[in-house]
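The next block holds one structure in the form of structure tokens; read it before the comments.
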Amino acid sequence: MQKMSTLNKVRRASFSRPPTTMLRQRGTGRVPLRRIYMTILKAPASGGRGVAIAVAPNGGRLLKTDHPGLPVAPAELAECAAECLAAGASLIHIHVRDESGRHCLDVERYRAATAAIRASVSEKLIIQVTTEALGLFTPSQQIALVRTLRPEACSMALREIVPDASHEPAFAQLLEWMRRERILPQIILYDRVDLERLEEMLRRGVVPAQDIPVLFVLGRYTKDQHSTPADLQEFLNPSHAFSHWSMCAFGPDASACAVSAALLGGNIRVGFENSLLLPDGRLAANNAALILPVRESLELLGRQIETADMQRAAMEKIW
């Protein structure tokens with residue numbers, strides 16, 4: 001028997017029956033879903049504009065008791081990376097844990113995880129590490145991680161790494177160094193206040209570039225958080241036009257939020273860090289299962305799913 005491909009394994013684990021791209025209408029036979037979607041939207045496909053899908057497979061809060069398939073060890077992250085690449089991801093956003101399973105910013109653990117992922121998928125995924133403090137680490141510790149590890153990419157929550165104006169010089173120096181070292185940043189913004197603060201830093205030159213990639217977080221890391229596409233409104237029409245923005249969301253509507261963001265010109269991040277649930281409310285078998293319904297919806301709507309190399313080129317244009 002021919003060996004089942006990684007993507008087919010993901011599909012089989014994700015759906016009780018294969019997803020269909022056709023619907024039956026009375027008297028008309030089978031109708032492509034793409035045509036139905038386009039009629040509803042009254043808009044053509046985007047003419048080739050791509051959408052990048054990032055996966056955040058573990059986060060710093062969940063445990064195996066929350067989901068037995070939570071990837072934590074390097075080998076688990078490597079397997080997850082291969083599945084998510086097959087499902088359509090171009091970037092993997094990773095956290096590492098200490099020996100007790102607690103979130104940490106340990107350089108050697110990050111190196112082990114990165115090496116395992118690279119051995120699994122080579123350069124076909126951008127590996128983005130987090131500097132998330134989670135109430136445990138200071139801005140100087142977050143900065144030290146980036147300078148010592150020298151990752152390909154890293155995310156930084158603005159309110160954590162620059163909690164007040166006194167931390168702006170160190171933040172500016174870090175960004176200048178990252179630009180020289182070709183390390184791709186992503187600034188995490190939790191609300192309009194964060195957004196306007198970053199815009200003001202751009203105007204004052206604290207950010208040593210005219211633009212910087214950002215991630216809009218729709219909601220909070222709280223129990224039973226349920227994001228909706230309407231939550232995007234808080235981040236729309238900023239005074240600075242960020243050319244590379246992404247979003248993540250929580251709960252069973254995370255996929256709907258992702259598709260909405262993509263149709264508005266954004267990139268998307270899905271994964272267990274933000275939601276364990278499929279669009280129908282069922283528990284996802286794995287992280288790749290959260291990517292597939294988003295990818296398939298976007299492809300039906302004419303959007304191209306971008307590769308890691310396409311994303312590297314897009315971000316290097318502004319950084």
Side-chain angles (χ1 to χ4, degrees), residues 49-59 77 81 84-85 88-96 105 107 110-111 113-115 117-118 121-133 139 142-158 160-162 170-189 194-195 198-199 201-202 205-217 240-248 261-262 265-271 273 305-319:
R49 187 194 62 76
V51 177
I53 300 176
V55 63
N58 54 11
L77 285 167
C84 291
L85 173 64
S90 59
L91 180 151
I92 185 168
H93 166 87
I94 61 171
H95 293 240
V96 293
L105 299 182
V107 171
Y110 265 127
R111 284 176 176 159
T114 299
I117 293 169
R118 281 281 174 254
V121 301
S122 186
E123 300 293 323
K124 294 178 182 178
L125 286 179
I126 296 169
I127 302 176
Q128 181 192 73
V129 306
T130 183
T131 63
E132 186 172 8
Q142 296 172 70
I143 290 171
L145 167 71
V146 182
R147 288 185 177 274
T148 305
L149 183 61
R150 295 173 177 261
E152 177 179 12
C154 74
S155 66
M156 301 171 281
L158 188 68
E160 290 184 340
I161 203 162
V162 197
F171 180 56
Q173 291 168 11
L174 174 65
L175 291 178
E176 289 175 355
W177 175 82
M178 289 175 66
R179 199 170 189 194
R180 291 196 303 271
E181 297 296 320
R182 313 311 303 151
I183 297 171
L184 300 172
Q186 184 183 62
I187 307 301
I188 298 176
L189 307 173
D194 283 354
L195 174 61
L198 180 61
E199 290 173 331
M201 288 182 184
L202 281 159
V206 175
V207 177
Q210 295 181 335
D211 200 0
I212 192 167
V214 295
L215 174 75
F216 302 144
V217 181
H240 177 88
F242 292 99
S243 62
H244 194 286
W245 64 271
S246 303
M247 72 98 247
C248 65
N267 299 301
I268 56 182
R269 194 185 89 180
V270 297
E273 176 170 349
I305 305 303
E306 297 202 341
T307 65
D309 282 343
M310 294 166 74
Q311 277 303 289
R312 290 183 179 106
M315 287 190 279
E316 286 172 0
K317 284 181 181 179
I318 62 173
W319 194 251

(message) Suppose we screen for ring-ring contact (aromatic ring centres under 6.0 Å, His included). Which residues come up paired with W319, at least two apart in sequence or across chains?
(response)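 For W319 there are no ring-ring contact (aromatic ring centres under 6.0 Å, His included) partners, ignoring immediate neighbours.
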(message) Tell me the closest heavy-atom pair linking N267 and Q311, and the distance in Å.
(response)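 Closest heavy-atom pair between N267 and Q311: ND2-OE1, 4.2 Å.
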(request) Measure the NE2-CD distance between H93 and E132 for me, rounded to the nearest 0.5 Å. (result)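 Rounded to the nearest 0.5 Å, the NE2-CD separation comes to 6.5 Å.
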(request) State the CG-NE2 distance between L105 and H95, to the nearest 0.5 angstrom. (result)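 Between L105 CG and H95 NE2, I get 9.5 Å after rounding to 0.5 Å.
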Hey, does [Y] have a side-chain heavy atom less than 4.5 Å from the side chain of [X]?
X    : Y    : value
I92  : P57  : yes
Q210 : I318 : no
L195 : F242 : yes
I127 : P151 : no
I143 : F171 : no

(message) Do the side chains of E181 and R147 get close enough for a salt bridge, i.e. N-O under 4.0 angstrom?
(response)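 No.
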(request) Report the C-alpha separation of S90 and M310 in whole Å, then their side-chain angles, then the decisive distance to 0.1 Å, and conclude whether the side-chain contact (heavy atoms from CB on, under 4.5 Å) test is met. (result) CA-CA 9 Å; S90 59; M310 294 166 74; over 6 Å; no
Got a donor-acceptor contact below 3.5 angstrom from the [X] side chain to the [Y] backbone?
X    : Y    : answer
D211 : S243 : yes
E273 : A56  : no
E152 : I126 : no
S155 : I187 : no

(request) Apply side-chain contact (heavy atoms from CB on, under 4.5 Å) to the pair Q142 and L174, showing each step before the final yes or no. (result) CA-CA 10 Å; Q142 296 172 70; L174 174 65; over 6 Å; no
(message) Does M315 form a side-chain contact (heavy atoms from CB on, under 4.5 Å) with Q186? I'd like the steps, not just the answer.
(response) CA-CA 10 Å; M315 287 190 279; Q186 184 183 62; over 6 Å; no
(request) Start with the C-alpha distance between V207 and H240, add both sets of side-chain angles, then the distance that settles side-chain contact (heavy atoms from CB on, under 4.5 Å), and finish with yes or no. (result) CA-CA 13 Å; V207 177; H240 177 88; over 6 Å; no
(request) Give a yes or no on whether E316 atom CD has more than 12 heavy-atom contacts from other residues, nucleotides or ligands under 6.0 Å away. (result)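 Check passes, neighbour count above 12.
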